Amino acid sequence: MVRTSAPGKVILFGEHAVVYGEPAVALAVSLRFRMRVAPREGGRARVHRVDGHRMDASCHAYFKYAVDKYWTGGPLEIRTDSEIPSASGMGSSAALTTSLMGALIELGGGAIDAERERIARQSFDTEYGVQGRASPTDTSTATFGQGILLAKRAMDGLIMHVERGGAEWYVHRLKVPDLSIVIGYTGVKGSTGEMVARVRRLYDENPLARGVVSEIGEVTMEGVAALERGDAARLGELMDRNHELLDAIGVNHPSLQRLVDAARPHSLGAKLTGAGGGGCMIALTEEPERVFKAIAEAGGQPFMARMGAPGVRRDGD
Ligand code: MEV
């Protein structure tokens, strides 16, 4: 039996635009997806179970895709336990997929630490296969942890190069500065697949949307420079701008805007994070307790998650 876990994430800059090869910055957070995977004693061949139910594509799409493609052993018994709300924009499907991939590698006699790049590639393939379209942002962050920069060219800290569907990304480690970020969950579940498809339609039909996507890329690279300088005030301004640009491509939601508006008076900057359409927002602040309270008063669920959490790992038995 193997126990694994992987972190959720927040995207500081660049969601959606990253699907088209623009840069993005993501940080692993201390909320984790945990999993226990064991061979099924006496189970019928190829019948896998997840949390006591027969694994099936409609309820367990990520499990099914990953196990069918990457597991050649016998039937598995999988138990899950997640601190990351599902469909919240905090990367629960990527954390699920990488912790499963890590468990499959360990059960097959390999070691997560020696196989991180393989875990990242296979997990991205799984997200892409299930969602129809995706970038390697969430799966890279869940795999490697800490901070991740996806860029258009190789820079310091390069981990790997990925190409898919006409887009390419250079995945880098990014030093995580000591930022105080409060996460606000709207409680409204957003479907990443639907939001990505909606932006795709706009991107294909409307040159203005393509302009917005490339401006998000510019804001992201300015954000990377501000992170390196430790310029929190500029970071906040850029987060606000990124939020307006995401609003312009239709992924904002009234529940998100309510939390962003509530956080802003006490924040350096605030934006939606992840796919949008509900899900989560983040605020960069020097007054985390006040922002926490403001988010709760506006009807959101605040999280004081720590940034820069470790990537997928094998946990103690
Ligand atoms: C979802 O967390 C981030 C998106 O950019 C999709 C992706 O990068 O695959 C919306």
Side-chain angles (χ1 to χ4, degrees), residues 6-29 31 33 61-62 65 84-98 120-144 147-152 162-172 183 185-186 188-203 209 212-217 219-220 223 242-243 245-253 256 271-282 305:
K9 62 93 209 351
V10 293
I11 297 184
L12 201 51
F13 294 109
E15 50 273 269
H16 285 290
V18 69
V19 173
Y20 306 91
E22 293 296 334
V25 173
L27 305 174
V29 300
L31 305 175
F33 196 105
Y62 295 90
Y65 187 100
I84 312 166
S86 66
S88 68
M90 272 198 269
S92 72
S93 64
L96 174 164
T97 305
T98 53
R121 288 187 186 281
Q122 293 181 355
S123 300
F124 172 50
D125 173 64
T126 301
E127 282 235 313
Y128 202 99
V130 173
Q131 283 175 21
R133 187 145 195 124
S135 79
T137 311
D138 294 12
T139 42
S140 303
T141 311
T143 304
F144 297 104
I148 291 290
L149 163 66
L150 276 78
K152 288 175 155 177
V162 182
E163 253 181 292
R164 189 88 190 233
E168 64 171 337
W169 305 268
Y170 291 86
V171 180
H172 302 78
I183 303 172
Y185 178 39
T186 58
V188 177
K189 293 194 183 284
S191 155
T192 301
E194 268 170 40
M195 299 315 287
V196 169
R198 183 190 292 192
V199 175
R200 162 106 266 157
R201 282 193 294 278
L202 206 61
Y203 184 91
V212 171
V213 163
S214 92
E215 194 177 338
I216 292 176
V219 166
T220 301
N242 195 164
H243 181 74
L245 293 167
L246 288 164
D247 184 58
I249 51 171
V251 298
N252 198 4
H253 187 272
L256 277 167
K271 64 181 275 291
L272 73 86
T273 186
C280 287
M281 50 71 70
I282 51 172

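All values reported here derive from a predicted model rather than from experimental measurement. When reading the values below, keep in mind they use all heavy atoms of this one structure, side chains included, and skip hydrogens, waters and symmetry mates. As the structure lists them, so they are numbered: ligands from 1, and atoms in each ligand from 1.
In this structure, Phe124 and Trp169 have perpendicular ring planes: the angle between them is above 60°, well past the 30° mark.
For the pair His16 (side chain) and Val196 (backbone), a donor-acceptor distance under 3.5 Å is absent.
For the atom pair OG1 (Thr98) and CZ (Phe144), the distance works out to 10.5 Å, reported to the nearest 0.5 Å. Thr273 OG1 to Lys9 NZ: the interatomic distance, rounded to the nearest 0.5 Å, is 6.0 Å.
Considering only heavy atoms from C-beta on, Asp138 comes within 4.5 Å of Ile11 through its side chain.
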Show me a pair-per-line table, with atom names and distances to 0.1 Å, of protein N or O atoms that are under 3.5 Å from an N or O of ligand 1.
from     : atom 1 : to     : atom 2 : distance (Å)
ligand 1 : 2 (O)  : Lys9   : NZ     : 2.9
ligand 1 : 2 (O)  : Asp138 : OD1    : 3.2
ligand 1 : 2 (O)  : Asp138 : OD2    : 2.8
ligand 1 : 5 (O)  : His16  : N      : 2.8
ligand 1 : 8 (O)  : Ser135 : OG     : 2.6
ligand 1 : 9 (O)  : Ser135 : N      : 2.8

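In this structure, Lys271 pairs ionically with Glu15, as a charged nitrogen and a carboxylate oxygen lie closer than 4.0 Å.
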